[in-house]
Amino acid sequence: MTTQSTHTPAHTLFKVLPGAEGAAVTNVAIWFNDQPLTVPGGRSVAAALLAAGVSRFRATPVSGAPRAPFCMMGACFDCLVEIDGVPSSQACMVEVKAGMRIRSQEGARDLPPVSFADAPMENAHGR
Amino acid sequence: MAADFASEFASEAVDVVVVGAGPAGMSAATRAARAGLKTVLIDEQDAVGGQIYRAIGRADARRKEILGPDYAAGAALAEAFAASGARHLTNATVWQVTRERGVNYLKDGKIGSFDAQRVILASGALERPFPIPGWTLPGVLTAGAAQILLKSAGEVPAAPPVLAGCGPLLYLLGWQYVRAGVPIRALVDTTRHEDRWRAKRHMFAALRAWPFLSKGLQLIRTLRDAGVPIFEAADDLRVEGRIGSDQVERAAALHFTSHGKAHRIEADVILLHQGVVPNTQFTQALRAAHRWDNAQLCFTPKVDAWGELDVPGIFIAGDGAGIGGAQAAALQGTLAGLAVAAQLGALTAATRDAEAVEPRRALAGVMRIRPFLDSLYRPRDINRIPRDETVVCRCEEVTAGELRQFVELGCVGPNQAKSFGRCGMGPCQGRMCGLTVTEVIADARRVSPAEVGYYRIRPPIKPLTLGELAGE
Amino acid sequence: MTLTSTAASADKLADVVVVGGGLVGSAVAYGLAREGARVTVLDEDDGGFRASRGNFGLVWIQGKGYGLSPYARWSRSSATRWPQLAQALQQESGIDVALKQPGGFHFCFNDDELAEREKRLSTLRAELGDYPYQMLDAAEVRARIPQVGPAVIGASYTPMDGHVNPLKLLRALHTAMQARGVKLVSGERAARIEAQGHGFVVHGKRGTYRAAKVVLAAGLGNRTLAPFVGLHAPVAPNRGQVLVSERVAPFLHYPTLNVRQTDEGSVQFGDSMEEVGFDDFTTTHVLADIARRGVRAFPMLQHVRLVRMWAALRVYSPDGFPIYDQSEAHPGAFVVTCHSGVTLAAAHALRVAPWIMGAAMPDELPTFSAQRFEHARELISAH
């Protein structure tokens, strides 16, 4: 599993161009796989995570192979992550917001636990 | 009934729905709205521009300078659209266009529907698949993805990337990086000498489009002058992966041969590009007639001179009708808008024809260089019809070798391949593998891609949830 | 792969030409090969309607044959032989078709549905004797399938039901049959059939094929082919629409009539029926209905993403039951058609194929002769 912290980008593939914006980039604080992460704001979740050192977004359901954004335009579906409890979100199509809880998608998506009291259910991945 | 819906879903009647807010869509919607038609431009992003003019509305002077003058031209289109009176429906994902001109979309978790008199599709192009070993590793992206990161987020590779493939967009990206001060590890050009030689056949026509040609040469000269290592006639491309300290394998280097010599260039960002192809998801789902274009090596929808498909009342403009670039797209959008306005009685045929003269002339001029470009930047066979071990279907991880086994088993086309091995059944709905699968099967069967055909594309063109469809 | 015959090469001729390489044709062909026959299968283009690509994968018994109990027996006989078929296919093709027969559920959403269900199944039990089933109330359903929603007030359950991966099944049949020497001619379409002396000649667009016997397993195509050999196959398209979700971590271990989770994790929703001719386009209102039923059955699936919607044409006889016939005018010509090609695959391979090769006719089969439609016509005109 990728371990992330706010100060050591582990595998930073992309960076924000210095001076590219008229004003300074505003950072936002989010969570990635339950770790706090500071990312640049005002962009897609995919762009934000890439600039903050995340380079593994999911494991494929077929073989568990690691994947990261490929097309950045919503066509390849390789950037799927779970955003605020919603799995299979295309990170390149969603704008990053402060406080977002993002998790890498490990294989096939989980279902939410059943909410009514008389039907206890164990989540398939035991989480 | 134009839109097939349960009574819970109200379908809004409009004159024209334009799908996609790139140059073709903006132009088409502008022209239709100016003719007085009730026009809706629907797009999944929050601002106009499509991919080529992405984020044009909020690009500052510095960004525009990096991206170049062609990008800045998009601003004029955006302004004209904003003033046209057309309605702009943003963050709305069209998941179905029916033959009866119903347009079903999803916005804010709710589905909606238009009942349109005419539909103009302007959903643009996709990167051509570039299947090489290792292309699914983290760190490998398309040149288009890199441009989107630059345009919409001002982001560039953290360490010097390798750019590999062929085609003007690849060199343009390199040029944009140089202007932004991003060092490039290498440009690995797969264009072959035979391609240059073959392209010379079209040189005469190309010379009439000298402005485009000289721009292309200037891009490459800028790269050379900036000291970017350029490798030519590159073959045998392969991405090498390395397992990091977190046990995750990522891209680490690009292997290739050039002029007989083997090379290994280290990079953790490898940007691939070998041209763009029409996005045919909507037109295939409509069962519109398509033809195989052997110059552009893709399927293009059959259209008349105004862009109308063989499905009555549905038009297509821009790269989705055949790759022509942003300027051609804008001109085709105007023509489709004119045609639709005349069909709906908002313009006389005479006015339509008179107004079409200049765009047609300009379009012919812009398209003149296409045969030359298509010939020069024809992607190599091995990069379209890869070796057995290469993953072809990224979603379901089906390799070219497995696909060839299906053919041996009697599979004659892509839909049987889907059925036999799930190839093409993943969430991308064939966008990343469709052309590859058609060509691998055609090559294995020794028939033309036209005979093999393409995936049967079905809605939803973009996924929606069970609850959204149920109307929850 | 054209076989054109001359007298000199008669010993190289096929024993049987099977027209149609879908689930029915390939199950029959596989069975024929097991009987030692030399078989040629003619299969059409990639773009054909192909009911085999559009099915749910159920091996379903409960409720079938209401009004024609031999169909219940016939279906059951296939379900009991299915494990044998699955094992043989695994051994011969290396492909595991993911057969699971844990029993199946038919959910009910109101008391009327529950009552109707009870009536149907109890009638079948009365006619057949051995017909295990249970009527369950909401709590009993939930005890077995915890994720079921509060709208489900009960269900019928039979241990006889199951499901399989129909695409893997087709692939396994094709692999296994070819491993046994069956010749598959792809991209071929039969245009007409001649009865000639002691055999038949099938004229296709790519070539001609001769054999002592011919089996029509061409689905909707049987309608126009049957008269060539003195048979009657009044089949018509019946459209079913299906929703398919992305892969989901395994949660549903039983097949249900309208919702099942495949071995790959995707969830399928379906079972609509429409008579709209040769139209395999989807329609939003039917799919929205299927989605609503799906959400009512499994509320926690509402956020699951749908990645595919398709429609396929079932091959439907006028009463919905199969047609099995040997031509009286031209013995050796057979028609085999049904809309449950998955459920009946084992019967087709293991009971129909031997009959085609000369074994005794399975005793359920005479009921399914197309002559039953002629009798119906006579009845109608008598009024």
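Predicted model, so just to flag it, every value in this text is computed and none were measured. Naming convention: chains lettered A, B, ... in sequence-line order (proteins, then strands); numbering from 1 in each chain.
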**OP:** Look up atom SG in A:Cys92 and atom CD1 in B:Ile148, then write down how far apart they are to the nearest 0.5 Å.
**Re:** 7.5 Å

**OP:** Below 4.5 Å from any heavy atom of chain A, which atoms of B:Val269 appear? Answer side chain, backbone, both or neither.
**Re:** side chain

Original post:
With a 4.5 Å limit on heavy-atom distance, are the side chains of A:Met72 and B:Gln147 in contact?
Top reply: no

Original post:
Mind checking whether B:Leu150 and A:Leu17 have side chains closer than 4.5 Å, heavy atoms only?
Top reply: yes

**OP:** Search all heavy atoms of B:Val248 against all heavy atoms of A:Pro66 and return the closest pair with its distance.
**Re:** CG1-CB, 3.7 Å

**OP:** State the CD-SG distance between A:Gln90 and B:Cys428, to the nearest 0.5 angstrom.
**Re:** 10.5 Å

Original post:
Any idea which of B:Leu126, B:Val140, B:Val182, B:Asn91 has the most non-hydrogen atom pairs under 4.5 angstrom with chain A?
Top reply: B:Val140

Subject >> Distance-minimising heavy-atom pair for B:Pro157 and A:Lys15 >> reply: O-CE, 3.9 Å

**OP:** Counting only heavy atoms closer than 4.5 Å, note whether A:Ala48 contacts chain B via side chain, backbone, both or neither.
**Re:** backbone

Subject >> Heavy-atom check, side chain of A:Arg43 versus side chain of B:Leu149, under 4.5 Å >> reply: no

**OP:** Hey, could you give me the CG/SG distance between B:Leu141 and A:Cys76, rounded to the nearest 0.5 Å?
**Re:** 8.5 Å

Original post:
At a heavy-atom separation under 4.5 Å, does B:Arg54 approach chain A through its side chain, its backbone, both, or neither?
Top reply: side chain

Subject >> Pairwise distance CG(B:Asp246) to CZ(A:Arg56) - rounded to 0.5 angstrom >> reply: 8.0 Å

**OP:** Tell me, for B:Arg431 versus chain A, whether the close heavy atoms (under 4.5 Å) come from the side chain, the backbone, both or neither.
**Re:** side chain

**OP:** Begin with the C-alpha distance, continue with both residues' side-chain angles, and end with the deciding distance and a verdict on side-chain contact (heavy atoms from CB on, under 4.5 Å) for A:Met73 and B:Thr142.
**Re:** CA-CA 10 Å; A:Met73 57 182 273; B:Thr142 63; over 6 Å; no

Subject >> Polar side-chain atom of B:Glu397 near backbone of A:Ser63 as donor-acceptor pair, under 3.5 Å >> reply: yes

**OP:** With rounding to the nearest 0.5 Å, note down the distance linking CZ in A:Phe70 to CG in B:Leu137.
**Re:** 11.0 Å

Subject >> Separation between CD of A:Glu95 and OG of B:Ser152, rounded to the nearest 0.5 Å >> reply: 10.5 Å

Original post:
With a 4.5 Å heavy-atom cut-off, do B:Arg394 and A:Asp78 have their side chains touching?
Top reply: yes

Original post:
If you count heavy-atom pairs under 4.5 Å with chain A, which of B:Glu127, B:Gln281, B:Glu396 comes out on top?
Top reply: B:Glu396

**OP:** Please determine, among B:Gln429, B:Gln45, B:Arg422, B:Glu44, the option with the most heavy-atom pairs under 4.5 Å with chain A.
**Re:** B:Glu44

